[in-house]
Amino acid sequence: MSGNMNITLKVWRQKNSNAKGELAEYKVGDVSPDMSFLEMFDVLNERLVSENNEPIAFDHDCREGICGMCSMFINGRPHGPKEGITTCQLHMRSFKDGDTIVVEPWRAQAFPVIKDLIVDRTAFDRIIAAGGYISVNTGNAQDANNIAISKDNADEAFAAAACIGCGACVAACKNASAMLFVSAKVSQLALLPQGQPEKQTRVLSMVAQMDAEGFGACTNTGACEAECPKGISLKNIARMNREYLGAQLCSEKM
Amino acid sequence: MNWLSKMFSSSIGQKFIMSITGLFLISFLVVHCFLNALIFLNDGGRVFNMGAKFMSTNPVIRIVEIVLFAGLLLHIIRAFILMNLNNKSRPIKYAVTNGKANSKWYSRSMGLLGTLLLLFLIIHLRHFWVPTKIALFSGNEHNSFEELKEIFSNPIFVAIYELGVISLFYHLMHGFQSAFQTLGLNHSKYTPFIQTCGKLYSFIIPFIFALMPLAIFMGFIK
Ligand code: HEM
Ligand code: SF4
Ligand code: FES
């Protein structure tokens with residue numbers, strides 16, 4: 001695929017987590033407006049390899065907007081200028097011929113850069129491991145619909161469960177706060193009957209882990225909600241605040 | 001009490017303190033604003049001074065005053081601890097950010113607006129609260145109204161007060177509704193109402209405050 005756009009990229013290059021990185025400039029010619037943003041990086045990387053240069057390391061996997069890997073901070077916004085999409089769903093037609101595009105990794109104390117645009121998001125995994133699950137007995141699976149769940153709750157839980165753990169909320173937040181992510185994970189279980197037995201310990205442990213990882217506090221600016229590719233609502237943060245304060249005040253845990 | 005200290009040192013617990021003290025300051029400002037608005041009676045400060053005297057001598061108000069200062073201090077100290085925590089959460093900044101694409105500038109500037117408010121408050125307390133206290137302890141008569149007129153005859157002070165009021169406006173435009181979200185109060189039925197109240201409050205109270213120095217400076221209040 002080739003086209004007629006010429007793009008100047010300024011990309012963060014960093015050898016490893018200890019190295020000091022910097023923005024490096026690349027000219028990319030013959031860009032088609034129908035290329036995805038990642039395909040444009042593929043083209044550039046093929047050229048870098050053929051010139052015996054180190055290609056730019058970036059995370060990606062599904063390339064269909066569902067895995068959350070493609071973290072890129074593009075011209076000051078996570079996943080670039082469009083709303084409700086990940087970087088792999090962004091196309092070059094969203095830019096103009098001759099544009100200069102600055103691409104940086106997610107910036108957060110809790111997301112250290114591994115190489116170039118790749119950051120370590122295992123802090124999210126540790127938060128999930130702290131309580132983002134339900135404990136169930138093994139054995140035969142129960143009949144579907146055995147437990148009645150109201151349509152409203154099911155819908156809200158499903159909307160919260162749409163979070164793909166991409167970290168755009170952290171990247172967008174001026175405090176690098178993980179509240180939107182954690183609140184989505186708390187909510188998807190707090191809204192369902194299966195989540196009730198561990199409701200209090202879950203929110204206490206997950207918030208404690210979130211704080212221990214070094215994410216900031218929430219100033220309610222709403223930047224996370226605006227940049228989230230999955231439309232996770234700020235209502236989830238309010239729910240987590242309620243759940244957390246309630247659990248601290250009412251649970252038997254000292 | 002392990003759980004209590006854990007709660008208040010958590011990110012959510014710290015914001016809980018900001019929210020409660022912020023809402024408390026919001027309720028104080030209503031009283032403060034309407035008592036001061038008594039100058040608009042334009043009666044040579046008679047009723048205004050009665051109000052000022054009541055506020056500086058009534059024993060119940062004395063206790064409320066201590067609670068108010070404690071609340072304000074808690075809000076300020078927590079604010080600086082939070083600002084430090086939030087700043088450390090992103091040690092390496094972005095080369096390019098486009099904040100206006102996803103949030104209001106004043107929601108991202110609560111620390112700056114709060115610091116401006118703090119500077120204003122220091123000047124404000126020095127102007128009115130300190131002289132009242134000195135007069136009270138030395139047993140002298142004190143005419144708050146005359147003092148008001150003297151201070152606001154100086155255009156520099158008028159400008160400082162107007163800047164303080166603008167900082168308050170923006171601090172509250174975000175802070176009012178944010179305090180409810182922090183407490184977990186977000187609901188399709190009530191949140192639009194809270195947000196409208198927040199905008200009305202943020203405009204009306206600072207607007208009335210803003211009129212006071214101007215009215216005195218321009219000589220409307222005799
Ligand atoms: C009369 C004065 C003040 C009032 C009525 C007020 C009110 C509020 C309210 C309602 C909030 C929202 C709380 C929340 O989001 O849960 C807030 C937040 C905040 N206030 Fe104030 N405030 C005042 C003075 C100050 C001062 C003097 C400072 C000094 C630094 C300050 C710093 C802050 C900061 C930094 C926040 C944001 C905290 C965060 O969300 O991260 N405020 N204030
Ligand atoms: S809440 Fe949204 S932005 Fe944050 S990790 Fe989940 S999908 Fe990504
Ligand atoms: S690569 Fe999977 S969401 Fe973009």
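All values below were derived from every heavy atom in this structure, side-chain atoms included, with hydrogens, water molecules and symmetry-related copies excluded. Reminder, nothing fancy here: chain letters follow the sequence lines and each chain counts from 1.
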- Is B:Phe69 atom CZ crowded by more than 12 heavy atoms from other residues, nucleotides or ligands, each under 6.0 Å away? yes
- Around A:Lys15, counting heavy atoms of other residues, nucleotides and ligands shown, do more than 12 lie under 6.0 Å from its NZ? no
- Any idea which of A:Ser177, A:Gly216, A:Ala217 has the most non-hydrogen atom pairs under 4.5 angstrom with chain B? A:Ala217
- Task: Ignoring hydrogens and angles, tell me if any N or O in the side chain of A:Lys235 forms a donor-acceptor pair with the backbone of B:His187 under 3.5 Å.
- Result: no
- Beyond-backbone contact of A:Val207 with B:Ile12, side-chain heavy atoms, under 4.5 angstrom: yes
- Message: Which atoms of A:Leu23 are under 4.5 Å from chain B, going by heavy atoms: the side chain, the backbone, both sets, or neither?
- Response: side chain
- Among the options A:Glu243, A:Met210, A:Lys10, A:Gln248, pick out the one with the most heavy-atom pairs lying under 4.5 Å from chain B. A:Gln248
- Side chain from CB out, backbone as N, CA, C, O: work out which of these in A:Pro81 comes under 4.5 Å of a heavy atom of chain B, or both, or neither. neither
- Item | Point-to-point distance, once rounded to the nearest 0.5 Å, from CZ of A:Phe215 to OG of B:Ser11 | 11.0 Å
- Heavy-atom side-chain contact between A:Arg242 and B:Leu185 under 4.5 Å: no
- Rounded to the nearest 0.5 Å, how far apart are CG of A:Leu249 and CE of B:Met7? 4.5 Å
- Message: I'd like to know if the side chain of B:Asn102 and the backbone of A:Ala226 have a donor-acceptor N/O pair within less than 3.5 Å.
- Response: no
- Task: Verify, without hydrogens or angle tests, whether B:Asn186 (side chain) and A:Ala238 (backbone) share a donor-acceptor contact under 3.5 angstrom.
- Result: no
- A:Ser251 side chain near B:Trp3 side chain, heavy-atom distance below 4.5 Å: no
- Message: If I measure from the heavy atoms of chain B, does A:Cys224 come under 4.5 Å with its side chain, its backbone, both, or neither?
- Response: neither
- Query: When heavy-atom pairs shorter than 4.5 Å are enumerated against chain A, which of B:Gly13, B:Ser178, B:Gly175 gives the highest number?
  - Reply: B:Ser178
- Message: Contact between A:Asn220 and B:His174 at the side-chain level, heavy atoms closer than 4.5 Å - yes or no?
- Response: yes
- What part of A:Ile74 lies closer than 4.5 angstrom to a heavy atom of chain B: side chain, backbone, both or neither? neither
- For A:Ala171, is it the side chain, the backbone, both, or neither that has a heavy atom closer than 4.5 Å to a heavy atom of chain B? both
- Task: Report the option among A:Lys174, A:Met179, A:Glu104 that has the most heavy-atom pairs separated by less than 4.5 Å from atoms of chain B.
- Result: A:Glu104
- Message: Rounded at 0.5 Å granularity, tell me how far CD in B:Gln14 sits from CG in A:Asp211.
- Response: 8.0 Å
- Task: Measure distances from B:Thr191 to the heavy atoms of chain A and classify the residue's part below 4.5 Å as side chain, backbone, both or neither.
- Result: neither
- Any donor and acceptor pair, going by atom type alone, linking the side chain of B:Gln181 with main-chain N or O of A:Thr219 inside 3.5 Å? no
- Message: Taking 4.5 Å as the heavy-atom cut-off, does anything in residues 74-101 of chain B contact chain A, and if so which residues?
- Response: B:Leu82, B:Leu85, B:Asn86, B:Lys88, B:Ser89, B:Arg90, B:Pro91, B:Ile92, B:Lys93, B:Tyr94, B:Ala95, B:Val96, B:Thr97, B:Asn98, B:Ala101
- Query: Is it the case that more than 12 heavy atoms not belonging to A:Gln196 sit under 6.0 Å from its CD atom?
  - Reply: yes
- Within 6.0 angstrom of A:Phe158 CZ, more than 12 heavy atoms from elsewhere: no
